[in-house]
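Worksheet for the structure shown next.
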Amino acid sequence: MITIKSDEEIKLLRIAGNIVYKTHQYLKSYIKEGITTKELDRLGEEFIRSQGATPSFKGYEGFPTALCISINDEVVHGFPSDRKLKNGDIVTLDIGACYKGYHGDSGWTYAVGEISEENKYLMEHTEKALFEGLAQIKPENRIGDISAAIQKYAEDHNLGIVKELCGHGVGTDVHEDPKVPNYGKKNTGPRLKKGMVIAVEPMLTLGSPNIYLDDNNWTVITRDGKNAGHYEHTIAVTENGYEILTGDINNG
Ligand code: MG
Ligand code: MG
């Protein structure tokens, strides 16, 4: 069921989203060669709690940690561990925070030190694919308009679309209806309405989009070992368009 949020609920979702945004800002400066992903997770959880929120993903269907941290060919749901970031890696921090029962969700891929041209290409165009999708958002447009715009942009840039995973509604649950796929047809799917809150999150790859599930039953990894990028914002549909609830991660 797709829920329409009241102005009061949007206020809380805005606070939750802003906490997610500030957590990204806080962690950005720690993304350097030598730090373990476990340490990033610890810092992130501490920061989220310092804001009066709780990490949305910790304990979610048994997920063990506050953050999902995925390196290189890991697409999503990487487990923080003793693995150290290396110069040239790309790393995605997927962060969720719950404030007074309402969630925010945003994933973002970062460079560790100097990265290759192909990784820069992947990051630049996965982020742009997110904004191509967001540009479709206004009342009476449909979910398929977002999906089709992301698919077109990814295909025009020769990037693989991971189809098993998709965006979603956000509210009192971190994953609600509707599903927001990263591929599809214009003019299909549920209509957008003012007060709907959704996370849009293209996950694109440099090679084939085929994936497998790690032995830990969570982490999604590309079969061909090529890298993946992931950019996600939680947004609210407004009268004329949309409001990003999880902030301007590049310019903050
Ligand atoms: Mg999400
Ligand atoms: Mg996320």
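These figures come from a predicted structure and were not determined experimentally.
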Discussion item. Is it the case that the side chain of Asp214 and the backbone of Asn216 share a donor-acceptor pair, with hydrogens and angles ignored and the cut-off at 3.5 Å?
Written reply: yes
Worksheet item: Cluster question for you: counting only ILVMFWY and a side-chain heavy-atom cut-off of under 4.5 Å, with indirect links fine, are Val162 and Ile71 together?
Response: no
Item to complete: Group every Ile, Leu, Val, Met, Phe, Trp and Tyr by side-chain heavy-atom contacts under 4.5 Å, then state whether Tyr26 and Ile15 land in the same group.
Response: no
Worksheet item: Going through the distances and angles, do Lys194 and Thr238 end up as a side chain to side chain contact (heavy atoms under 4.5 Å, CB included)?
Response: CA-CA 5 Å; Lys194 179 177 179 281; Thr238 61; 5.6 Å; no
Practice prompt. Would you please test His230 and Val76 for side chain to side chain contact (heavy atoms under 4.5 Å, CB included) and show each step?
Written response: CA-CA 8 Å; His230 178 199; Val76 288; 3.6 Å; yes
Worksheet item: Between the main-chain N or O of Asn210 and the side-chain N or O of Arg223, is there a donor-acceptor pair closer than 3.5 Å?
Response: no
Discussion item. For Ala97 versus Ile48, what's the shortest heavy-atom pair and its separation?
Written reply: CB-CG2, 4.1 Å
Fill in: Minimum-distance pair of heavy atoms, taken over all atoms of Tyr212 and Thr222
CE2-O, 3.7 Å
Item to complete: Tell me, with the steps shown, if Lys11 and Asp7 meet salt bridge (Lys or Arg N to Asp or Glu O under 4.0 Å).
Response: CA-CA 6 Å; Lys11 269 186 203 161; Asp7 291 348; over 6 Å; no
Item to complete: Mark yes or no for whether Asn141, through its side chain, and Gln136, through its backbone, hold a donor-acceptor pair below 3.5 Å.
Response: yes
Discussion item. Between the side chains of Lys193 and Glu140, is the shortest nitrogen-to-carboxylate-oxygen separation below 4.0 Å, so that they form an ion pair?
Written reply: yes
Worksheet item: Going by atom types only, do Asp145 and Asn187 share a side-chain donor-acceptor pair under 3.5 Å?
Response: no
Discussion item. Less than 3.5 Å apart, any donor N or O on the side chain of His157 or Tyr121 sitting next to an acceptor on the other?
Written reply: no
Worksheet entry | Ile198 versus Ile137, closest heavy-atom pair with distance | CD1-CD1, 4.2 Å
Worksheet item: Side-chain contact, heavy-atom cut-off 4.5 Å: Glu176 with Val170?
Response: no
Worksheet entry | Glu114/Asn87 under side chain to side chain contact (heavy atoms under 4.5 Å, CB included): CA gap, chis, key distance, verdict | CA-CA 6 Å; Glu114 268 307 300; Asn87 189 48; 4.2 Å; yes
Worksheet item: Quick one: do the Asp89 and Asn72 side chains pair a donor with an acceptor below 3.5 Å?
Response: yes
Worksheet item: Does one side chain, of Thr3 or Lys5, offer a donor that lies under 3.5 Å from an acceptor on the other?
Response: yes
Discussion item. Are Ile115 and Lys120 packed together at the side-chain level, in the sense that at least one heavy-atom pair is separated by less than 4.5 angstrom?
Written reply: yes
Fill in: Step-by-step side-chain hydrogen bond (donor to acceptor under 3.5 Å, both in side chains) determination, Glu201 to Tyr231
CA-CA 5 Å; Glu201 48 178 320; Tyr231 291 81; over 6 Å; no
Worksheet entry | Thr188 side chain vs Gly184 backbone, donor-acceptor pair below 3.5 Å | no
Discussion item. Is it the case that the side chain of Ser106 and the backbone of Glu232 share a donor-acceptor pair, with hydrogens and angles ignored and the cut-off at 3.5 Å?
Written reply: yes
Practice prompt. Check the side chains of Thr92 and Ser70 for a donor-acceptor pair under 3.5 angstrom, ignoring hydrogens and angles.
Written response: no
Discussion item. Please report the interatomic distance OG1(Thr23) to CG(Leu93), rounded to the nearest 0.5 Å.
Written reply: 10.0 Å
Discussion item. Are Ile244 and Val174 connected into the same hydrophobic cluster when the rule is that any two of I, L, V, M, F, W, Y join if their side-chain heavy atoms are below 4.5 Å apart?
Written reply: no
Worksheet item: Any side-chain heavy atom of Cys98 sitting closer than 4.5 Å to one from Thr54?
Response: yes
Worksheet item: Should Glu74 and Arg83 be marked as a salt bridge (Lys or Arg N to Asp or Glu O under 4.0 Å) after you check the CA-CA gap, both sets of side-chain angles, and the distance that decides it?
Response: CA-CA 13 Å; Glu74 296 172 344; Arg83 181 170 172 182; 3.5 Å; yes
Worksheet entry | Rounded distance (nearest 0.5 Å) linking atom CG of Asn182 with atom OH of Tyr153 | 14.5 Å
Item to complete: Side-chain contact test, heavy atoms from C-beta onward, threshold under 4.5 Å: evaluate it for Val91 versus Leu85 and give yes or no.
Response: yes
Worksheet item: Is the closest side-chain heavy-atom distance between Leu27 and Phe47 below 4.5 Å?
Response: no
Worksheet item: Going by heavy atoms in the side chains, are Tyr242 and Val237 under 4.5 Å from each other?
Response: no
Practice prompt. Begin from the C-alpha positions of Thr205 and Asn227 and carry the test side chain to side chain contact (heavy atoms under 4.5 Å, CB included) through to its verdict.
Written response: CA-CA 6 Å; Thr205 64; Asn227 286 352; over 6 Å; no
Fill in: Ile90 side chain reached by Leu122 side chain, heavy atoms, under 4.5 Å
yes
Discussion item. Test salt bridge (Lys or Arg N to Asp or Glu O under 4.0 Å) on Arg49 and Glu45; report intermediate values, then the result.
Written reply: CA-CA 6 Å; Arg49 292 192 189 279; Glu45 178 166 0; 2.8 Å; yes
Fill in: Within one Ile-Leu-Val-Met-Phe-Trp-Tyr cluster: Ile95 and Val200, side-chain cutoff 4.5 Å
yes
Response to the item:
Heavy atoms of Thr219 and Phe79 approach each other most closely as OG1-N, 3.9 Å
Discussion item. Before you tell me yes or no, could you show the steps for Lys152 and Glu132 under salt bridge (Lys or Arg N to Asp or Glu O under 4.0 Å), namely the whole-Å CA-CA distance, both residues' side-chain angles and the distance that decides it to 0.1 Å?
Written reply: CA-CA 9 Å; Lys152 179 170 191 328; Glu132 286 289 310; over 6 Å; no
Worksheet item: Just by modelled atom types, is the Asn158 backbone N or O under 3.5 Å from a matching donor or acceptor in the His125 side chain?
Response: no
Practice prompt. Report yes if the distance between the aromatic ring centroids of His77 and Phe57 is under 6.0 Å, otherwise no.
Written response: no
Response to the item:
Smallest heavy-atom separation, Ile161 atom then Ala154 atom, equals CG1-CB, 3.7 Å
Worksheet item: If we ignore angles and hydrogens, is there a donor and acceptor under 3.5 Å between the side chains of His233 and Asp105?
Response: no
Discussion item. Other residues, nucleotides and ligands only: do more than 12 of their heavy atoms fall within 6.0 Å of NZ on Lys226?
Written reply: no
Worksheet item: Is Met196 reachable from Leu245 through a run of hydrophobic residues whose side-chain heavy atoms are each under 4.5 Å from the next?
Response: no
Practice prompt. Please report the closest heavy-atom contact between Trp108 and His24, naming both atoms and the distance.
Written response: CB-CE1, 3.7 Å
Worksheet item: If you measure from CE on Met1 to CD1 on Ile4, what distance do you get to the nearest 0.5 Å?
Response: 10.0 Å
Discussion item. With rounding to the nearest 0.5 angstrom, report the CE to CD1 distance, Met203 to Ile150.
Written reply: 9.0 Å
Worksheet item: Could Lys128 and Glu124 be called an ion pair, given the rule that one side-chain N must be under 4.0 Å from one carboxylate O?
Response: yes
Discussion item. Once rounded to the nearest 0.5 Å, what's the spacing between atom CG of Leu13 and atom CD of Glu243?
Written reply: 10.0 Å
Item to complete: Ignoring hydrogens and angles, tell me if any N or O in the side chain of Thr37 forms a donor-acceptor pair with the backbone of Ser81 under 3.5 Å.
Response: yes
Item to complete: Look up atom CG in Asp82 and atom NZ in Lys38, then write down how far apart they are to the nearest 0.5 Å.
Response: 4.0 Å
Fill in: Exam field: side chain Glu39 to backbone Thr36, donor-acceptor pair closer than 3.5 Å
no
